[in-house]
Amino acid sequence: MPELPEVETVVRELRRRIVGKTIDRVRVHWERSIHGRADEFRRRLANGTVRAVSRRGKFIGFELQDGTFFTIHLRMTGRLVQEPNAADKKHVRIEFRFRDGSALHFVDARKFGRLRLWPCKSQSCPGLGPEPLRAEMVRGTLQRLTTRRPLKTVLLDQTVLAGVGNIYADESLFAAGIHPLTPACQLDDGRREKLSRVLPDVLRGAIQRNGTTLRDYRTVAGARGENRERLQAYGRTGQPCFVCGATIEKIRISGRSAHFCPHCQRSLK
DNA sequence: AACAGCACCTGTAGGC
DNA sequence: TGCCTACAGGTGCTGT
């Protein structure tokens, strides 16, 4: 669920809350939430002090004073909370206890999220495309595309751009007036320029509103993201387009739902 | 290369 | 308060 804006929101909160804290121990309640050996993960983290928290695409990075580097990927329902409420308790998968008595809990109903140790920060998360927060970066990436795959599919490909998921792919294509099935190599200069400018804007706007809460996503403080009310296409199937009044449609593109306005996003026909 | 299909999991919503 | 199905913000693997 969490895409770049939601992960960025969580990272900013974690910086304030856990940088400088020393991990006393890690409790693993569901071993498969750890990529690799759980006992090694526990051992490497115990007694480590958090030096920095970072984001790369949808990965949250944690760097300890001794150089140990690990990531958390929230996938669909992963969340980080300091203290779980009654409903969260049955879904706590990993528990970090700090020396100062505070804690951080990885809560994940669907168990898709993963924690992973890497040799070091520079060798983590290989294969990710560039961050889509700057128009020049997006423009360069889109210019190099030679594939005929639908743009919607390409935007979801983390090796092309890191951090875009189903919500913001749909929202940025809507804002750019581009049909989600448009072959990536057939983007004309005007639409490419538009998408390059609009994608970073959509993401930054969502970050300002602490992300989009549909159901599970919460900030570390437990708040909902406020970007949902701004969605123009995602989740609005059957409702009128805010721009032209046409009915928002939902189709399937490579196994994912794609929401769009058949009038505002006509670049296919 | 690119796609479909399934796997990984649980919760929820809707139809009956 | 039952049963059954479809669907969900993500990714990775297999087979065609």
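Computed over heavy atoms, backbone and side chain alike; hydrogens, waters and symmetry mates excluded. Numbers restart at 1 for each chain; the letters A, B, ... are given by sequence-line order, proteins then strands.
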For A:A52, which residues count as a side chain to side chain contact (heavy atoms under 4.5 Å, CB included) partner, sequence neighbours excluded? A:E63

Taking distance alone, no hydrogens or angles, what donor-acceptor pairs closer than 3.5 Å link side-chain atoms of residues 243-253 of chain A to residues at least two apart or in another chain?
from: A:R252; atom 1: NH1; to: A:G255; atom 2: O; distance (Å): 2.7

Whole-Å distance, A:D170 CG to C:dA8 P, equals 11 Å

Measure from CG on A:N166 to P on C:dT11 and round the result to the nearest Å. 11 Å

Are A:P84 and A:V92 side-chain neighbours, meaning at least one heavy-atom pair lies under 4.5 Å? yes

Could you tell me whether A:R37 atom CZ has more than 12 heavy atoms of other residues or ligands within 6.0 Å of it? no

Applying side chain to side chain contact (heavy atoms under 4.5 Å, CB included), can you list everything that pairs with A:D188, at least two apart in sequence or on another chain? A:R191

Quick one: sort the A:F96 and A:F70 rings into parallel, tilted or perpendicular, breaks at 30° and 60°. parallel

For atom C1', what is the distance between B:dC8 and C:dC3, given to the nearest Å? 25 Å

Give me the residues of residues 115-125 of chain A where at least one heavy atom lies under 4.0 Å from an atom of DNA chain C, by number, or none. none

Using atom P in both nucleotides, what's the gap between B:dG11 and C:dT11 to the nearest angstrom? 22 Å

Whole-Å P distance, B:dT12 and C:dT1: 14 Å

To the nearest Å, give me how far apart CZ (A:R32) and C1' (C:dG10) are. 17 Å

Reckon A:Q158 has a side-chain N or O less than 4.0 Å from the OP1 or OP2 of C:dT11? yes

Distance check, P atoms only: B:dA4 and C:dC7, in whole angstrom units. 15 Å

Are the charged groups of A:K58 and A:E3 less than 4.0 angstrom apart, N to O? no

Hey, are A:E131 and A:R55 close enough for a salt bridge, meaning a charged N less than 4.0 Å from a carboxylate O? yes

Start at the 5' end of DNA chain B and walk down; is the nucleotide closest to A:W30 or to A:R215 reached first? A:W30

Expressed in whole Å, how much space separates the P atoms belonging to C:dA8 and B:dG5? 16 Å

Quick one, A:F106 and A:L74 - any side-chain contact, counting heavy atoms below 4.5 Å? yes

Mind listing the residues from residues 246-254 of chain A sitting with a heavy atom below 4.0 Å of DNA chain C? Number order is fine. A:K250, A:R252

Any salt bridge linking A:D189 with A:R192? Criterion: basic side-chain nitrogen under 4.0 Å from a carboxylate oxygen. yes

Among pairs that include at least one residue of residues 24-36 of chain A, which meet salt bridge (Lys or Arg N to Asp or Glu O under 4.0 Å), considering only residues two or more places apart or in two chains? A:R27-A:E95

Over how many whole Å does the gap from A:Y217 atom OH to C:dG10 atom P extend? 14 Å

Side-chain donor-acceptor pairs under 3.5 Å in residues 116-130 of chain A, sequence neighbours left out?
from: A:W118; atom 1: NE1; to: A:T71; atom 2: OG1; distance (Å): 2.9
from: A:S124; atom 1: OG; to: A:K121; atom 2: O; distance (Å): 2.7

Rounded distance (Å) that lies between atom P of C:dG10 and atom CZ of A:R75: 10 Å

Within the sub-3.5 Å range, which N or O atoms of nucleotides 13-16 of chain C have a protein N or O partner, and how far apart are they?
none

Take atom CG of A:D157 and atom P of C:dG12, then tell me their distance rounded to the nearest Å. 10 Å

Using side chain to side chain donor-acceptor pair (under 3.5 Å) as the criterion, list what pairs up with A:S102, not counting sequence neighbours. A:K21, A:D100

Could you say whether A:K111 or A:T147 is positioned toward the 5' end of DNA chain B, judged by the nucleotide with the nearest heavy atom to each? A:T147

DNA chain B: first to last nucleotide in contact with chain A (atom under 4.0 angstrom from a heavy atom), 5' to 3', is B:dA2 to B:dA13

Expected output check: what is the dot-bracket annotation of DNA chain C, where ( ) and [ ] are pairs inside the strand (brackets for crossing ones), | is paired with another strand, and pairs are Watson-Crick or G-U under 3.5 Å? .|||||||.|||||||

With a 4.0 Å cut-off on heavy atoms, is A:P150 in touch with a base, just the backbone sugar-phosphate, or nothing at all? sugar-phosphate

Under a 4.0 Å N-O cut-off, is there an ion pair linking A:R79 with A:D88? yes

Does a donor on one side chain and an acceptor on the other come within less than 3.5 Å for A:N210 and A:R224? no

Using the salt bridge (Lys or Arg N to Asp or Glu O under 4.0 Å) rule, collect all pairs that involve residues 151-169 of chain A, keeping only residues at least two apart or in two chains. A:R149-A:D157, A:K152-A:D170

State whether a side-chain donor-acceptor pair under 3.5 Å links A:T9 with A:T219. no

